[in-house]
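Reviewing the structure listed below.
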2 protein chains.
Amino acid sequence: MQVTSTTEQPPKRRRDRAAREREILAAAERIFGERGYQGTSMDDIAAAVGVSKPLIYQYYGSKDGLFLACLARLRAQLLETVSDAVMAATDVENALYAGFVAWFQFLDEHPQAWSVLIDEGMLATGPMAATTEEVRNAFVELIAAMVRLNLPPSRPTDDAEIEILAHSISGATERLAIWRTRTPNPPTPQKVARTLKDLLWQGLDTLSKS
Amino acid sequence: MQVTSTTEQPPKRRRDRAAREREILAAAERIFGERGYQGTSMDDIAAAVGVSKPLIYQYYGSKDGLFLACLARLRAQLLETVSDAVMAATDVENALYAGFVAWFQFLDEHPQAWSVLIDEGMLATGPMAATTEEVRNAFVELIAAMVRLNLPPSRPTDDAEIEILAHSISGATERLAIWRTRTPNPPTPQKVARTLKDLLWQGLDTLSKS
DNA sequence: CGAGTAACTTACTGGGAGTAAGTTCCGGCG
DNA sequence: CGCCGGAACTTACTCCCAGTAAGTTACTCG
């Protein structure tokens, strides 16, 4: 009933579901990235989109559901980036290095992705544990595959041992990534990847042959 | 007003502050260990102790404060156990192994300690980040000290590199510990420690000399 | 015994997750 | 055109839990 305001957007009327979902997801990714899971309320996100809270519940079910949707997207991108780098390498030693570089670089280039994925996501308790575990397992699998590639075909594989190795490496990369985000002038992705590769490579190679 | 019940404890009357604090801390450690930080309410703990919530607030200030008090105790025990094992070893390679064994064994023997310390604590967001970071840094320092011990005295220490190594190792042990608690029949502490030591030792030794 | 204080409680506020029950808009069909 | 069915969306709650204000009870020391 007012005069038309010049600064007002053409009042965002109804959109179809898919478009709204994308809008909500984009806002959620941004705000979760800025303030973390705990620090973000559903009302915050609703306000940012210019929509009411129950609509988000209708589309995403719960706060966890929304968070998980963010997670899934980021996880897919990250996993793809890293495995592309690994696959492109010509030998296992280089694959290891290339994978590390890709990992740290991706996280540098998507800082908000990081806090969503790990800084909060990976640690979550409750219904999210399952999904974040899945994310992690994808990487553990990738690493385990690399390790197996390096085994002489004859050798009987000790699966327990390979799992230990894969989790060690996954844990080291996660921790380093978190540390880099919290440190003023972190070493470059290349430096970290190189040091990590140097730390692991000999042991990995020896274990493969023993 | 009732007849004296035979099974009833002599109705826990007032205790002095120190005793109550200990009672509360014990209950908190147990319940946080069972249900996690999020899953535990202050009323739960108050009920378990048989006391009202504001009393806990008076003694510990906040839920975080109480959690942090649990953390501090456990951290001290764990750190002491591990560093004793490290100090008792005769050379660096054995110190590494002994430290890992002590770490995994402690966590086996104090399963609830684990979920309090790491599974929730290490990942916490907000005001707890600082304290948990401190806990972790204690271990990073310990590891860094070991690495430095292994350097030939002449060599100029590359502190950035040592930090990378220390965080890698700390991350690997953390992840392995979490993984072990979530896995049905985890390998023994000795097996894990041995594999981890084998994975790291050569690289560590080479990096020290290069 | 009475006064002072430490130990403790009742009864609240506030905020955020989640929900019940509508209301408004749009497209299609007579 | 009118009107009806469903999808998009909202108002106005409930409940749970962290945290608090203000008071009450019981022990201690003079």
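Residue numbers start from 1 in every chain, and the chains themselves are labelled A, B, ... in the order their sequence lines are given, proteins ahead of strands.
Ring orientation note: the planes of Trp179(A) and His167(B) are close to parallel, at an angle under 30° on the 30°/60° scale. Tyr37(A) and Phe32(A) have parallel rings, their planes meeting at less than 30° on a 0 to 90° scale where 60° marks the start of perpendicular. Using bins of under 30°, 30° to 60° and over 60° for the plane-to-plane angle, the ring pair His110(B)/Phe106(B) lands in the parallel bin.
Considering Ile143(A), Leu142(A), Val101(A), Thr173(A) in turn, Leu142(A) is the only one that fulfils the side-chain contact (heavy atoms from CB on, under 4.5 Å) rule with Val82(A).
Between the side chains of Asp44(A) and Ser41(A), at least one donor N or O sits under 3.5 Å from an acceptor N or O.
Straight-line distance from the CD atom of Glu21(A) to the C1' atom of dC9(D): 14 Å, rounded to whole Å. One can place CG of Leu66(B) at 11 Å from P of dA18(D), the figure rounded to the nearest angstrom. Separating the CD1 atom of Ile24(B) from the P atom of dA7(C) is a distance of 11 Å, rounded to the nearest angstrom. Between the C1' atom of dA6(C) and the CZ atom of Arg15(B) lies a distance of 16 Å, rounded to the nearest Å. Look at CG on Asp44(B): it is 12 Å from P on dC16(D), rounded to the nearest Å. With rounding to whole Å, Leu55(B) atom CG is found 19 Å from dG23(D) atom P.
Not counting sequence neighbours, the partners of Arg148(B) by the side-chain contact (heavy atoms from CB on, under 4.5 Å) test are Ala144(B), Leu151(B), Asp159(B), Ile162(B).
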Point to revise | Where protein sits on nucleotides 24-30 of chain D, one letter per nucleotide: B base, S sugar-phosphate only, - none, heavy atoms under 4.0 Å | key: -BSS---
Study note, to complete from the structure: Contact string for nucleotides 10-20 of chain C, one letter per nucleotide 5' to 3', B = base within protein heavy-atom range under 4.0 Å, S = sugar-phosphate only, - = neither, reads B-----SBBBB
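Rounded to 10 degrees, the angle separating the terminal axes of the helix from dC1(C)-dG30(D) to dG30(C)-dC1(D) is 20°, with each axis obtained from five end pairs.
Distance check: Leu78(B) CG to Arg73(B) CZ gives 13.5 Å after rounding to the nearest 0.5 Å. For the atom pair CD1 of Ile178(A) and OG1 of Thr183(A), the computed distance is 11.0 Å after rounding to the nearest 0.5 Å.
Between Arg20(B) and Asp16(B), none of the side-chain N atoms (NZ, or NE/NH1/NH2) sits under 4.0 Å from a carboxylate O, so this pair counts as no salt bridge.
At dC8(C), one or more side-chain N or O atoms of Arg20(B) fall inside 4.0 Å of OP1 or OP2 (strictly under the cut-off).
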Taking distance alone, no hydrogens or angles, what donor-acceptor pairs closer than 3.5 Å link side-chain atoms of residues 92-99 of chain B to residues at least two apart or in another chain?
| residue | atom | partner | partner atom | Å |
| --- | --- | --- | --- | --- |
| Glu93(B) | OE1 | Trp201(B) | NE1 | 3.4 |
| Glu93(B) | OE2 | Lys197(B) | NZ | 2.9 |
| Asn94(B) | ND2 | Asp91(B) | OD2 | 3.1 |

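For residues 183-192 of chain B, the salt bridge (charged side-chain N to carboxylate O under 4.0 Å, His left out) pairs, not counting sequence neighbours, are Asp158(A)-Lys191(B), Glu161(A)-Lys191(B).
Tyr59(A) comes within contact range of the sugar-phosphate backbone alone, with a heavy-atom separation under 4.0 Å but no base atom that close.
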